[in-house]
Chemist: 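Here it is: the structure, laid out below.
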Amino acid sequence: MENFYWTSFTLKIAIKGKLEGIYDAWTKAEEIEKWFLSSSQFSDENHVQLSKSQNVLKGDLYQWIWYLYDDVEHGRITQANGKNHFQFTFAGDCVVDVLLREEHEYVIVELTQKNIPTDDQSKRNIRIGCHGGWSFYLVNLKSVYEGGLDLRNKDNRFKPMLNN
C-alpha cells in the first residue's frame, strides 16, 4: 500500500459552465490552447491532422507544447465519449483520466493521473511535478472559462515561475 500514494493522484475542481463547453476545453485544439497549451495538434491514427475546431476521438494522437518549455509531449487518446469522459496517455506510460459531471450550475472536473512509476525520478518529476502542474492548470481552466483571465506566464523573461 505504501506505493499507492506515489502511483496516482486525483484532483477536483468545480467550474461554473456547461458540460459541453468544458468537454470541448479538453478535446478541441482551439479550446485546450486557451488554458493549457501554447500549441496543440491532434491527428487521427493515420497521422492526418485534425482541424483545430474538431473534437478528438478515441485512438487519435496528440502533440502538445507549453509556453516557456522546450518539452514536446506526444500521446494517444484512449477514451473520448463525446460527453463527459476523456482519457489520454501522458508522461510516458501514465494515464490521465478526466471525468466531468454536472452539479447545480457547475461542472465538476475530476482528473486522475495513474500508472506513475515509483523510481525516485518519477516520484519527483511525475507524481509531485504533475500534481503541481495539473493543480495550476485546473485553476487556469476555471479562470479562463468563468472569467476569461488566462493566468499563464507567457513572457520568457520570467521563467521559471509558478504560473508557467
Side-chain angles (χ1 to χ4, degrees), residues 8-43 49-58 60-91 94-114 116 125-164:
S8 70
F9 61 86
T10 298
L11 299 166
K12 294 180 189 178
I13 195 164
I15 300 173
K16 198 169 198 174
K18 299 289 184 198
L19 186 64
E20 181 180 338
I22 302 303
Y23 184 82
D24 288 349
W26 290 91
T27 62
K28 289 183 177 182
E30 68 184 8
E31 295 298 316
I32 203 168
E33 289 175 358
K34 290 179 181 178
W35 63 275
F36 185 41
L37 302 163
S38 66
S39 175
S40 172
Q41 292 182 354
F42 291 111
S43 60
Q49 190 168 331
L50 304 180
S51 158
K52 291 246 184 207
S53 61
Q54 189 175 347
N55 288 96
V56 296
L57 301 171
K58 180 179 178 179
D60 288 347
L61 307 170
Y62 71 80
Q63 176 181 298
W64 289 345
I65 301 171
W66 288 264
Y67 285 102
L68 308 180
Y69 287 95
D70 295 329
D71 298 335
V72 177
E73 182 77 19
H74 295 88
R76 177 177 300 279
I77 309 306
T78 52
Q79 290 292 330
N81 71 358
K83 182 180 178 183
N84 65 355
H85 185 204
F86 182 59
Q87 184 185 77
F88 52 95
T89 62
F90 191 73
C94 296
V95 173
V96 174
D97 223 352
V98 179
L99 296 171
L100 308 174
R101 76 175 188 281
E102 292 177 304
E103 198 167 312
H104 308 293
E105 67 274 19
Y106 290 89
V107 175
I108 307 302
V109 178
E110 181 177 313
L111 179 144
T112 300
Q113 185 165 335
K114 53 192 173 186
I116 301 169
N125 295 339
I126 299 175
R127 173 57 178 86
I128 295 171
C130 288
H131 185 278
W134 284 121
S135 296
F136 169 76
Y137 284 112
L138 288 176
V139 168
N140 200 46
L141 174 65
K142 180 179 180 75
S143 181
V144 167
Y145 279 82
E146 286 188 5
L149 182 62
D150 184 352
L151 305 172
R152 295 175 292 177
N153 174 40
K154 299 175 184 177
D155 189 329
N156 65 10
R157 294 175 298 171
F158 303 104
K159 71 178 216 185
M161 285 198 172
L162 174 65
N163 61 347
N164 284 349

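Everything quoted here is computed from the prediction, not taken from an experiment.
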Chemist: The criterion is ring-ring contact (aromatic ring centres under 6.0 Å, His included); which residues satisfy it with H85, sequence neighbours excluded?
Modeler: none

Chemist: Just checking, is any N or O donor in the side chain of S53 or E30 under 3.5 Å from an acceptor N or O on the other one?
Modeler: no

Chemist: Atom CD1 of I77 and atom CG of D60: how far apart are they, to the nearest 0.5 Å?
Modeler: 6.5 Å

Chemist: Please check: side-chain N/O of S143 versus main-chain N/O of L149, any donor-acceptor pairing under 3.5 Å?
Modeler: yes

Chemist: Which atom pair, heavy atoms only, marks the closest approach of V107 to K18?
Modeler: CG2-C, 3.6 Å

Chemist: Are L61 and H74 side-chain neighbours, meaning at least one heavy-atom pair lies under 4.5 Å?
Modeler: no

Chemist: Does E33 have any side chain to side chain donor-acceptor pair (under 3.5 Å) partners at least two apart in sequence or in another chain, and if so, which?
Modeler: K52

Chemist: Would you check if the side chain of N140 reaches a backbone N or O of W35 as a donor-acceptor pair within less than 3.5 Å?
Modeler: yes

Chemist: Considering non-hydrogen atoms only, spot the tightest contact between I15 and I22 and give its length.
Modeler: CG2-CD1, 3.8 Å

Chemist: If only atom types and distance count, is the side chain of Y62 paired as donor or acceptor with the main-chain N or O of S40 below 3.5 Å?
Modeler: no

Chemist: Just to verify, what does K58 make a salt bridge (Lys or Arg N to Asp or Glu O under 4.0 Å) with, not counting sequence neighbours?
Modeler: none

Chemist: Taking salt bridge (charged side-chain N to carboxylate O under 4.0 Å, His left out) as the cut-off, I'd like each qualifying pair that reaches into residues 128-151, sequence neighbours left out, listed once.
Modeler: K142-E146, D150-R152, D150-K154

Chemist: Which residues pass the ring-ring contact (aromatic ring centres under 6.0 Å, His included) test with F36, not counting sequence neighbours?
Modeler: W64, W66, W134, Y137

Chemist: Does any part of the side chain of K83, heavy atoms only, come nearer than 4.5 Å to the side chain of Y23, both counted from C-beta?
Modeler: no

Chemist: Apply ring-ring contact (aromatic ring centres under 6.0 Å, His included) to F86 and list each qualifying residue two or more places apart in sequence or on a separate chain.
Modeler: F88

Chemist: Tell me whether the count of non-hydrogen atoms from other residues, nucleotides or ligands lying under 6.0 Å of CD in E110 goes above 12.
Modeler: yes

Chemist: May I ask you to decide if D97's main-chain N or O and T112's side chain share a donor-acceptor pair within less than 3.5 Å?
Modeler: no

Chemist: Looking only at heavy atoms, which two atoms of C130 and F90 are closest? And how far apart?
Modeler: SG-CE2, 4.0 Å

Chemist: What heavy-atom pair brings A80 and V56 nearest, and what distance separates the two atoms?
Modeler: CB-O, 3.8 Å

Chemist: Judged by atom type as modelled, is there a donor-acceptor pair below 3.5 Å linking the side chain of T27 to the main-chain atoms of N55?
Modeler: no

Chemist: Minimum heavy-atom separation for E31 and D24, please, with both atom names.
Modeler: CB-O, 3.3 Å

Chemist: Would you say that L151 contacts V139 through its side chain, given a criterion of any heavy-atom pair below 4.5 Å between the two side chains?
Modeler: yes

